[in-house]
Amino acid sequence: MNLDVLAPGLLTTVQDAGRDGARALGIGLAGAVDGYSLAVANRLVGNPTTAAALEITLSGPRLRFRRAATIAICGADIDARSDELTLPGWRPIHLRARSTLTLGACRRGARAYLAIAGGIDVPRVMGSRSTDLRGGFGGHAGRALRAGDGLSVGARNAPHAGANALSIAPWWIDPEPDLAFADSIAVRVLPGRDATAPADALHAQEFVVAASSDRQGLRLHGPPLHLADRRECISEPVVPGTVQLPPDGQPIVLLADAQTVGGYPRIGHVITADLPRLAQRRSGQRLRFIPVDHVQAARANAQQRARLARIALAISARPFHG
Amino acid sequence: MPSANAPAVASIESLGDGALLLRLGETIDATSNRRVHAIAAALQAQKPDWLIELTPAYASLAVHVDVTALHGDDPLASVRDWLTQWLAHARIDTASAIAQSIEIPVLYGGDAGPDFDALAVHANLRATELIDLHAGGDYTVAMLGFAPGFPYLLGLDPRLHAPRHPTPRARVAAGSVGIGGAQTGIYPFAGPGGWQLIGRTPLRLFAASRDSPSLLRPGDRVRFVAIDAARFAALDEHSR
């Protein structure tokens, strides 16, 4: 153990890029809700983009590092302190041995990602280190962190292992345009199987994020939507990004902990590139849906992957103090 | 030449920007479901480079695509074309799908099945008749979902069809055997659930630490065997 959990925060879980390959057994992906921020945080500390990190929800943990560590905090803008110093996000930070890292409230956004050089070393379960909260497996003991837990960090050649002082890189990565923290944002959506009446109802109004939202889904509130055809639905596969419409007319956008099959009508699918923006919505914030076609969606997704690749290149070319 | 029992895929739809959905029907029926599992097995054997995994459901099959392995303006469209061609030419035999047969011991009624008595009244059956009807069925795992390892079973006798509870129970015990509409299933974990509970199995439906985490796989055949409380206790001890 080289990381002690002194206080767990509201909902802090070990997550990586998610668990493929077991949906046929009813096992969803899990993984970081905001996969973009996880990838950048990992790159900043020299990890593969898919290494396991901590996903922090709204209010963060207090952690004690027994050994020196290089960390990065991405995603939500979170109050972070160590040695009485305020730590900024989106850049590598070197913590000396026996440091305490205190993560407070998310000031903007809902989920922060703490990557540590070497990655969080928990056993892989079915190919992934992600916590499956519903199944109670993966991550750390299949659950959110608690006070008193100890975590191991993977071994790696730490480039700053000699420096026994806190240091903060003077450069950072700009999260725009892949994340957006404004009170009202737009996300792009592909058509679903079920049409609303009128057909553009999903695009014609703003929705407010409900407090009951969680890793499984973003629950939205607005004037109730109606279906063009109230067919009897049998359960069919769903994916993160699927916009479901339950009988109350209030849409739910499924996120990383989406179940594998669902019986509600599906009125759209948010494109992959905009899932990070959804992950950062807080209760009371608003969002709009903008219709796109498959060519536009594929282009937006490819552009986001290209930005991530450029960020990775830029980071690898950058000395820590450059 | 398409084989004699080539599956009738009604449509190939997109499911967001990373998956396609093959639709074989609109109802919960054994024929559509058999076709789902046969196509899944054939596609799995084919192993196209871009295939991540498959999610079989009652009458549809999601094909999850690694779009980064593909080129072009609309990577999913090229997979759709490939699937259309493949379905027209592949030999997919609905009779040959590999499935295991599993016996599931169940303690019916009492604390293990808190809705058993009410269901017997609802169905106008004696307790022994209810058990015989449920345990006498020949079931197929149509799909897994709702929770890891939760099987939706086809083959429930129509006399046992029963509506879900209007308000789900806050806590259903792990291993509970329930009836929801025309389906029967088993809760792998303790948690909320709205189905009518008629019994409980001591078997562990899901354990992430096992080599094969889910006891049941899509397409498997299932039979229930009634056991008494002593046998339940012995098996329960054994599966811990």
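All chains are named by letter (A, B, ...) in the order of the sequence lines, taking the proteins before the strands, and each is independently numbered beginning at 1.
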Residue part contacting chain A, namely of [X], when any heavy atom lies under 4.5 Å:
X	value
B:Ile28	both
B:Pro151	neither
B:Leu21	side chain
B:Ser209	neither

- Please name the pair of heavy atoms, one in B:Asn33 and one in B:Ala57, separated by the smallest distance, quoted to 0.1 Å.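 Looking at all heavy atoms of both residues, the shortest contact is ND2-O, 3.2 Å.
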
- Task: Determine the minimum heavy-atom distance between B:Ala208 and B:Pro213, stating which atoms define it.
- Result: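 Shortest heavy-atom separation between B:Ala208 and B:Pro213 comes out as CA-CB, 4.1 Å.
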
Taking every heavy-atom pair that is under 4.5 Å apart, which of [options] has the most such pairs with chain B?
options	result
A:Pro123, A:Ala273, A:Ser235, A:Gly28	A:Ser235
A:Gln259, A:His294, A:Arg134	A:His294
A:His269, A:Gln296, A:Arg266, A:Arg299	A:His269
A:Ala298, A:Gly135, A:Gly26	A:Gly26
A:Asp20, A:Ile27, A:Ile234	A:Ile234

Identify which part of [X] has an atom lying under 4.5 Å from any heavy atom of chain B, answering side chain, backbone, both or neither.
X	answer
A:Ala22	backbone
A:Val295	both
A:Ile271	both
A:Asn301	side chain

- So which of B:Arg23, B:Glu13, B:Met143 has the largest heavy-atom pair count under 4.5 angstrom toward chain A?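 Answer, by heavy-atom pair count under 4.5 Å with chain A: B:Arg23.
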
- Any idea how B:Phe150 and B:Phe146 line up, ring-wise: parallel (<30°), tilted (30 to 60°), or perpendicular (>60°)?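 Rings of B:Phe150 and B:Phe146: perpendicular, over 60°.
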
- Query: Using the ring of each side chain (for Trp, its six-membered ring), is B:Phe206 parallel, tilted or perpendicular to A:Phe137, with breaks at 30° and 60°?
  - Reply: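 Tilted.
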
- Any chance the side chains of B:Ser32 and B:Asp29 put a donor and an acceptor closer than 3.5 Å?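 B:Asp29 and B:Ser32 do have a side-chain donor-acceptor pair below 3.5 Å.
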
- Distance-only donor-acceptor check, side chains A:Asp16 and A:Thr50, under 3.5 Å: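 There is no such pair between these side chains.
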
- Item | Residue pairs involving residues 197-208 of chain B (criterion salt bridge (charged side-chain N to carboxylate O under 4.0 Å, His left out); sequence neighbours excluded) |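 Passing the test, one end in residues 197-208 of chain B: B:Arg204-B:Asp236.
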
- Message: The criterion is side chain to side chain contact (heavy atoms under 4.5 Å, CB included); which residues satisfy it with A:Asp121, sequence neighbours excluded?
- Response: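 Partners of A:Asp121 by the side chain to side chain contact (heavy atoms under 4.5 Å, CB included) criterion, ordered by chain and then number, come out as A:Arg129, A:Ser152.
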
